[in-house]
Amino acid sequence: MPSSPQRRILVTSALPYANGHIHLGHLVEYIQTDVYVRFQRLRGQQAIYLCADDTHGTAIMIRARAEGRSERDLVAGMREAHLADFAGFQIAFDHYGSTDSPANRRLCAEIWQALRGRGLVVARQVQQLFDAAAGTFLADRFVKGTCPRCAAADQYGDNCEQCGATYAPADLVDPVSTLSGTRPEPRSAEHLFVTIEALHGFLDRWTRESGALDPRIANYLAGHFLGEPLRDWDVSRPAPYFGFEIPDAPGHFWYVWFDAPIGYLAATEEWCAAHGGTLADWWGRDSAAEIHHFIGKDITYFHTLFWPAMLEAAGLALPTKVRIHGFLTVNGQKMSKTRGTFLSARAYLDHLDPGMLRYYYAAKLSGGIDDIDLNLEEFTSKVNSDLVGKVVNLASRTARWLERSGLAARYPDDGGLFAMAAADGSAIAEAYEACDFARAMRTIMLAADRANAYVDAEQPWKLAKAGPEAAGRLQDVASVALNLFRQIAVYLAPVLPRLSEQAGTLVGGPIRSWEESQRPLAGLPVAGFTPLMQRVEPGQVEALLAAAREPAAEAKTTQHGGTTMDANTVGTDPAAAIEAEPLAAQCTIDDFTKVDLRVARIVAAEEVPEAKKLLKLTVSLGGDVTRTLFAGIKGFHAPESLVGRLVVVVANLAPRQMKFGTSEGMVVAASGAGAAGVYLLSPDAGALPGMRLR
RNA sequence: CGCGGGGUGGAGCAGCCCGGUAGCUCGCGAGGCUCAUAACCUCGAGGUCGCAGGUUCGAAUCCUGUCCCCGCCA
């Protein structure tokens with residue numbers, strides 16, 4: 001057949017930061033990229049998948065310091081952990097480098113020289129908060145203080161979570177360094193900037209006309225950045241900083257976001273050193289190679305503005321495609337440690353099969369920037385019905401009839417089923433190419449449905465009992481089913497490399513080419529069938545969630561002493577409470593606002609001897625504001641255990657005269673059918689008395 | 001009128017570009033099969049395709065308006 005010239009495709013995923021472990025959110029990207037690369041290879045293209053650890057920056061420096069070891073020691077340990085996690089999910093990099101490598105240092109210097117040479121680097125004084133005790137300038141996130149606009153306490157240095165204000169760390173009232181706990185002082189230092197405004201015209205054209213970006217992304221950039229002059233990009237940090245010192249600016253280091261993307265180049269060079277060729281073969285201006293970056297939507301501007309600007313200035317090739325995906329939510333919400341939905345790659349691998357997550361993500365990814373949701377109930381049903389019930393089941397129900405006879409010598413009449421699925425191949429390939437894996441999976445599953453219906457209609461189990469004269473027909477029917485299975489295994493090979501290997505072991509040998517989906521096999525031996533994939537048991541998912549909850553529960557306990565995390569297992573919450581007490585009539589936000597709920601600290605608690613249920617509490621709302629109130633929680637809490645803890649009170653409740661005194665408010669607690677008891681509410685760590693609930 | 005995405009049977013989605021009987025998976029109900037990892041197959045209930053107008057012989061699909069939800073971190 002006419003084979004088009006082989007494409008040469010360099011593919012990258014964003015570099016994971018060496019400050020933390022890989023979690024299921026990261027894996028959306030690595031799985032997406034890995035599937036794409038495997039697809040290209042299966043189609044006969046040359047594709048290399050490059051990545052590296054992102055190792056520099058303040059966060060690494062601080063963490064290493066806290067752990068009492070060197071940055072390089074920390075980074076080396078995390079690299080091992082990352083590689084093990086990736087391997088566990090069958091993510092097969094061709095090279096995995098590090099931004100802390102000699103190649104990267106040299107390439108940073110070269111790009112820097114190019115920027116200097118074009119007059120794009122300027123120096124300017126920047127005022128930042130300096131922690132004298134720790135001896136370092138503080139990034140925004142290492143400063144906390146009171147919001148200058150709304151006076152909310154304990155806000156980070158860049159914006160206020162309470163009122164949404166954005167500001168500089170130096171604007172904070174009473175700033176505190178989270179490193180040393182001391183008050184940092186403003187200090188000014190020289191920073192180096194890249195004046196990318198000089199490349200504004202180029203970026204305008206490139207974002208719109210190169211075809212590298214989805215038009216929606218180009219439009220977003222036009223609206224948010226390119227509609228006005230581009231701000232200079234601050235690319236240096238004064239010492240101390242873990243990174244590369246800038247050769248022509250002693251005492252200054254490249255900002256981590258400067259050297260990170262250059263890590264793509266360094267990884268390429270390192271790959272070439274091992275496999276031949278040169279950097280210019282891939283990144284040269286006139287190279288015919290394609291460059292595809294897979295990234296998350298949070299780092300869009302780095303890869304669509306700064307990075308192309310750097311490449312342009314350095315005279316290198318620009319990305320062919322920047323493919324942007326959304327975030328992962330778990331059961332519809334952001335991953336959260338306190339909710340027990342912060343799922344690490346390692347925890348997943350301890351409980352579940354990596355192929356299942358690869359398939360689930362593939363079934364969800366449609367090539368857009370929408371967030372994708374890992375709904376664990378859906379995960380279970382989808383994996384079980386699609387992979388186990390449909391695909392694997394095809395082999396499971398027919399392979400054993402061929403163990404002795406092997407495949408029929410000639411592929412039998414199957415009513416056009418194989419040809420139909422073969423014809424689907426081009427549509428499936430187009431979907432893969434567009435990263436619309438969801439469409440590809442849907443199409444593949446339809447083929448699996450048709451195959452199962454075929455088996456059902458032909459009733460091979462009856463043929464098996466019918467005696468020797470039906471043996472030929474039985475072999476034909478089973479041969480069709482097994483060919484249809486293997487055909488599906490070819491289509492799924494980018495997503496499920498393990499399954500495709502097993503399919504190859506069962507019949508026909510290793511799957512190496514997409515073309516194998518186009519012609520059925522005949523006259524080959526069939527191996528003994530071994531189960532290819534186990535179904536997901538709900539208990540496995542529960543165990544994963546329990547494992548995710550544990551560290552959070554510990555942290556919670558140490559903070560609050562008495563409080564413990566509720567068992568909050570997804571999908572198994574009892575219905576007693578909600579059934580016993582249906583929801584109240586709808587109210588408006590105004591109705592809700594009338595009730596002034598505040599965080600309060602219990603400063604005194606005593607029994608009311610004459611009362612059956614009441615404790616007398618004194619709570620602080622901050623400053624001098626206190627309330628004395630009676631709470632119906634006697635018997636559930638020992639008074640002394642309550643002192644000091646934070647609760648929620650209705651602060652504007654009309655005072656009420658009771659037999660034992662005046663109650664000036666009400667403590668909020670949960671109770672209802674399903675469990676006896678009264679459960680006080682506690683805010684997350686960081687809440688302070690007087691804060692309002694809204 | 002800031003930009004963009006979305007609103008389709010209980011849940012999650014496809015269909016919309018190129019108008020023509022509303023489809024898939026899960027769940028639910030009934031039946032079948034018993035080869036298969038309580039898997040598979042068939043049938044059924046369930047939707048005025050956010051709302052209101054318009055174009056058209058005909059609109060989920062095109063146009064206008066409107067409501068609601070989500071995202072927009074140099």
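Chain naming here is simple, since letters A, B, ... match the order of the sequence lines and numbering starts at 1 in each.
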A:His293 side chain to A:Trp307 side chain, donor-acceptor N/O pair below 3.5 angstrom: yes

When you measure from the side-chain N and O atoms of A:Arg535 to the phosphate of B:A39, is any distance below 4.0 Å, counting only OP1 and OP2? yes

Work out how far the P atom of B:C3 is from that of B:U42, and round it to whole angstrom. 48 Å

For A:Trp112 and A:Phe258, take the angle between the two ring planes, folded into 0 to 90°, and tell me which bin it lands in: parallel under 30, tilted 30 to 60, perpendicular over 60. perpendicular

Just N and O in the side chain of A:Arg400: are any of them under 4.0 Å from OP1 or OP2 of B:U37? no

Give the ring-plane orientation class for A:Trp257 versus A:Phe302, where under 30° counts as parallel, over 60° as perpendicular and anything between as tilted. parallel

Of the nucleotides B:U34, B:C13, B:A74, which one has an atom closest to the side chain of A:Phe225? B:A74

Whole-Å distance between B:G23 P and A:Met445 CE? 22 Å

When both distances are under 3.5 Å in a Watson-Crick or G-U wobble arrangement, the nucleotide paired with B:G31 is B:C41

Mind checking who B:C51 pairs with, Watson-Crick or G-U wobble, both distances under 3.5 Å? B:G65

Can you confirm if the NZ or CZ of A:Lys334 lies within 45° of the ring axis of A:Phe327 and under 6.0 Å from the centre of its six-membered ring? no

A:Arg439 side-chain proximity, nearest of B:U34, B:C26, B:G15: B:G15

In whole Å, what is the span from the CD1 atom of A:Ile324 to the C1' atom of B:G4? 13 Å

Quiz question: by atom type and distance under 3.5 Å, do the side chains of A:His303 and A:Tyr264 form a donor-acceptor pair? yes

Per-nt protein contacts along nucleotides 40-46 of chain B (heavy atom under 4.0 Å; B base, S backbone sugar-phosphate only, - none) come out as BS-----

Under the side chain to side chain donor-acceptor pair (under 3.5 Å) test against A:Thr329, which residue among A:Asp371, A:Asp373, A:Asn375, A:Thr341 passes? A:Asp373

Protein-nucleotide distance (A:Tyr360, atom OH; B:G12, atom P), rounded to Å: 11 Å

Would you classify A:Leu532 as touching base, sugar-phosphate or nothing, given that sugar-phosphate means primed atoms plus P, OP1 and OP2, and contacts are heavy atoms under 4.0 Å? base

Quick one: which of B:A74, B:G71, B:C26 gets closest to the side chain of A:Lys297? B:G71

Measuring only the P atom in each nucleotide, how far is B:G58 from B:G20? A whole number of Å is fine. 15 Å

Hey, does A:Met533 reach any base, or is it just sugar-phosphate, or nothing, if we go heavy atoms under 4.0 Å? base

Using atom CG of A:Leu226 as one end and atom P of B:C3 as the other, report the distance to the nearest whole Å. 17 Å

Please tell me which of A:Gln459 and A:Pro531 maps to the more 5' nucleotide of RNA chain B, matching each residue to the nucleotide holding its nearest heavy atom. A:Gln459

For B:C72, the Watson-Crick or wobble partner whose two distances fall under 3.5 Å: B:G2

When the P atoms of B:G31 and B:A36 are compared, how many Å lie between them, rounded to an integer? 24 Å

With A:Arg124 as the cation and A:Phe193 as the aromatic partner, state whether NZ or CZ is under 6.0 Å from the six-membered ring centre and within 45° of the axis. yes

Carefully, step by step, assess A:Asp414 and A:Arg450 under the rule salt bridge (Lys or Arg N to Asp or Glu O under 4.0 Å). CA-CA 11 Å; A:Asp414 63 2; A:Arg450 294 193 300 263; over 6 Å; no

Residues A:Gln125 and A:Ser188: side-chain donor-acceptor under 3.5 angstrom: yes

Does a side chain donor of either A:Gln32 or A:His325 reach within less than 3.5 Å of an acceptor in the other side chain? no

Which whole-number value in Å describes the distance from A:Trp257 CH2 to B:C73 P? 16 Å

For the P atoms, the ones on B:U25 and on B:A14, what distance do you get once it is rounded to whole angstrom? 15 Å

Near RNA chain B, which residues from residues 190-222 of chain A have a heavy atom under 4.0 Å away? A:Arg216, A:Asn219, A:Tyr220

Mind checking the P distance from B:C40 to B:G53? Whole angstroms is fine. 45 Å

Rounding to an integer number of Å, can you tell me how far A:Phe306 CZ sits from B:C73 P? 14 Å

Measuring only the C1' atom in each nucleotide, how far is B:C73 from B:G7? A whole number of Å is fine. 27 Å

Using the C1' atom on both, measure B:G6 against B:C13 and round to a whole Å. 13 Å

Atom CD of A:Gln333 and atom C1' of B:G71: how far apart are they, to the nearest Å? 17 Å

Using the ring of A:Tyr255 (Phe, Tyr or Trp, six-membered ring only), decide whether A:Arg237 places NZ or CZ under 6.0 Å from its centre and within 45 degrees of its axis. yes

OP1 or OP2 of B:G12 versus the side-chain N and O atoms of A:Lys364: is any pair under 4.0 Å? no

Now, which nucleotide makes the Watson-Crick or G-U wobble pair with B:C26, with each of the two distances under 3.5 Å? B:G10

Could you say whether A:Asn375 or A:Thr530 is positioned toward the 5' end of RNA chain B, judged by the nucleotide with the nearest heavy atom to each? A:Asn375

Let me know the distance between NE2 of A:His303 and P of B:C73, rounded to the nearest Å. 18 Å

Could you measure between the two P atoms, the one in B:A22 and the one in B:G50, and give it in whole Å? 15 Å

Within 45 degrees of the axis of the six-membered ring of A:Tyr156 and under 6.0 Å from its centre: does A:Lys144 put its NZ or CZ there? yes

Touch check for A:Phe302, heavy atoms < 4.0 angstrom, all strands: base, sugar-phosphate only, or nothing? nothing

